[in-house]
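Structure record follows, encoded as structure tokens.
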Amino acid sequence: MLTTRPRGTSDIIPGEVEAWQYLEKEIRRICREYGYSEIRTPIFEHTELFLRGVGDTTDIVEKEMYTFIDRGERSITLRPEGTASAVRAYLEDKLHAGPQPVKLYYNGPMFRYDRPQAGRFRQFHQFGVEVFGSHDPALDAEVMAMAMDFYGRLGLTGLELHINSVGCPACRPALRQKLQDFFRPHLSDLCPNCQERLEKNPLRIIDCKEGRCREAGAGAPTTFDCLCEECSSHFEAVKKHLDLLSLPYQVDYCLVRGLDYYTHTAFEIMAKDIGAQSSIGGGGRYNKLVETCGGPPTPGIGYALGLERILLAMKSQNCLIPGTSSLDVFVVTAGKAAASEAFRQLFKIRGAGISADKDYQDRSLKAQMKYAGKTGAKFVVIIGEEELARGTALIRDMNAKEQVSIVSEKVVEYLLNNLSNVLSNYQGGYKYD
RNA sequence: GUGGGUAUAGCUCAGUUGGUUAGAGCACCAGAUUGUGGCUCUGGGGGUCGUGGGUUCGAGUCCCAUUACCCACCCCA
């Protein structure tokens, strides 16, 4: 083999792609129901969009971006997440000029230079939504409920919704100060990462998973201690709306997500059965991001779900996942003269919306039958010398192991009649429930 | 970026203290009185033992390096 796929990427091959198509179909369905429209943005952007949008002290920007200089000497980055592009498009395509809020969704590949492991890849796929133009805490709850609804539709259970408020520009400076005052005497007890975070981004220390940082952080101030009046009441309203929907959640005052743009609400959804990378989705409010990107003051909120991790969880929980789709009809021939007639018949069958195929390996009739069985074809149409002479075709029902002789002109009609229930299930996707 | 594990046929894996032509199951292909699938039986094709060095009379087996994959740290989806 000349070469292999780059590290941390994967091929989605027949037998697996059906699961992806199913997810894509469910994404389109739920987004339509919740009033979201799809947006497709470039897979690469100017690097500065992510520097400003995601935040230049984040791990994503500091060490995980695929950045390169293109032939026009521009610094280009393969998108590591979807929100920055959505904000850019919201401004550039003047969506802020229309009726608000603007509810968008995207679904596509993201790129981060991480060490691959279970549930973590360098090219991975996110489905996400973004809403621009509303401060309403009910929307925060809607967005979380939608994410949980999506998991539920796929059959996933036992997921945990963790929520927090990470404050706003009014109250965060006080929290930063309190945290720095608290941790500065214990600086040497912190992991090297957090020692740097103390000045750059002290909030992240309380969310650090290192044992020594957890110990050092015992009794440390949390977001809860410093929320301003507005943040606090917003958070209470969000919780109230989650309660209205009877949506279970856990408040986690140490939840600080790794993207700097969050204000107010932050949340994360965890799956326990997919390995160490248990975060299966997350999001939050970003009321300053549009401004940061050069737009008018505009509130926003969104989330992103990792499709690979969703599939991992679905496999782990034995959810129904569509497999390979099978053929409706296989055309078998015997003899050269019959092959021409069979080839024409094959196209007539396909023209009627029936999936059909034939042998292209010059196989014997017996081998063609064997192969037809493997394709899962429901019917086999046999055209040999005898049928050719009589102007008929044999149609064999593979499950019933019975076959009938049909006049050539009636073959399509016969198949349509006998496949009708199969075809109605097939239209537009796969049978999954 | 750090650590641990793995690498033999298309797939899952055997391969004894280094010793002749490297095996099995599954898969694939072909047959079982020549026009009929799944089961059974018989046969067949297919492997630079990840790659590059080294030790040795001799390396799939031991040593070093390298790459990839898996898992964990970290981070996040």
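Computed from a predicted model, the values in this text were never measured in an experiment. Throughout, protein chains are lettered first and strands after them, A, B, ... in sequence-line order, and every chain is numbered starting at 1.
- Rounded to a whole angstrom, the distance from the P atom of B:A77 to that of B:G4 is 29 Å.
- To the nearest whole angstrom, the two P atoms, one in B:A9 and one in B:G23, are 14 Å apart.
- A cation-pi arrangement is absent between A:R153 and A:F150 under the rule of less than 6.0 angstrom and at most 45 degrees off the ring axis.
- Across the strands present, B:A9 finds no partner; the criterion is a Watson-Crick or G-U wobble pair with both atom distances under 3.5 angstrom.
- Using a 3.5 Å distance cut-off with no hydrogens or angles, the side chains of A:D140 and A:H234 do pair a donor with an acceptor.
- Between the C1' atoms of B:A65 and B:A7, the separation comes to 16 Å (whole Å).
- With a cut-off of 3.5 Å on both Watson-Crick or G-U wobble distances, the partner of B:G43 is given as B:C29.
- Separating the C1' atom of B:A22 from that of B:A59 is a span of 13 Å, rounded to the nearest Å.
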Per-nt protein contacts along nucleotides 72-77 of chain B (heavy atom under 4.0 Å; B base, S backbone sugar-phosphate only, - none) come out as BBBBBB
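- Between A:Y286 and A:Y262, the ring planes lie tilted relative to each other; the angle falls in the 30° to 60° range.
- Nucleotide B:A65 has B:U51 as its partner under the Watson-Crick or G-U criteria, with both atom distances under 3.5 Å.
- Aromatic ring orientation, A:Y113 versus A:Y66: perpendicular (interplanar angle above 60°, classes split at 30° and 60°).
- Residue-level contact check: A:R363 touches the backbone only, with heavy atoms under 4.0 Å from sugar-phosphate atoms and none from bases.
- Counting any heavy atom pair closer than 4.0 Å across all strands shown, A:G376 reaches no nucleic acid atom.
- B:C73 and B:G15 have their P atoms separated by 31 Å, with the value rounded to a whole Å.
- B:U8 and B:G47: their C1' atoms are spaced 8 Å apart (whole Å).
- Cation-pi check for A:K358 over A:Y360 is met; the charged atom lies under 6.0 angstrom from the ring centroid and within 45 degrees of its normal.
- If you take atom P in B:U51 and the same atom in B:U67, they sit 16 Å apart, rounded to whole Å.
- The CG atom of A:L305 sits 8.5 Å away from the CE atom of A:M146 when rounded to the nearest 0.5 Å.
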Can you give one letter per nucleotide of nucleotides 31-44 of chain B, going 5' to 3': B for a protein heavy atom under 4.0 Å from the base, S for sugar-phosphate only, - for none?
----BBBB------
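- The aromatic rings of A:H186 and A:F182 sit tilted, their planes meeting at an angle between 30° and 60°.
- Of the nucleotides present, none pairs with B:U17 by Watson-Crick or G-U wobble criteria with both distances under 3.5 Å.
- Using modelled atom types, no side-chain atom of A:R350 and backbone atom of A:S355 make a donor-acceptor pair closer than 3.5 Å.
- Base pairing of B:U2 is made with B:A72, judged by Watson-Crick or G-U wobble geometry with both donor-acceptor distances under 3.5 Å.
- Residue A:K410 qualifies as open at atom NZ: its count of foreign heavy atoms under 6.0 Å is 12 or below.
- Here the separation of B:U16 from B:U61, taken at their P atoms, is 11 Å to the nearest Å.
- At a cut-off of 3.5 Å, with distance as the only test, no side-chain donor of A:D397 or A:Q403 sits close to an acceptor on the other residue.
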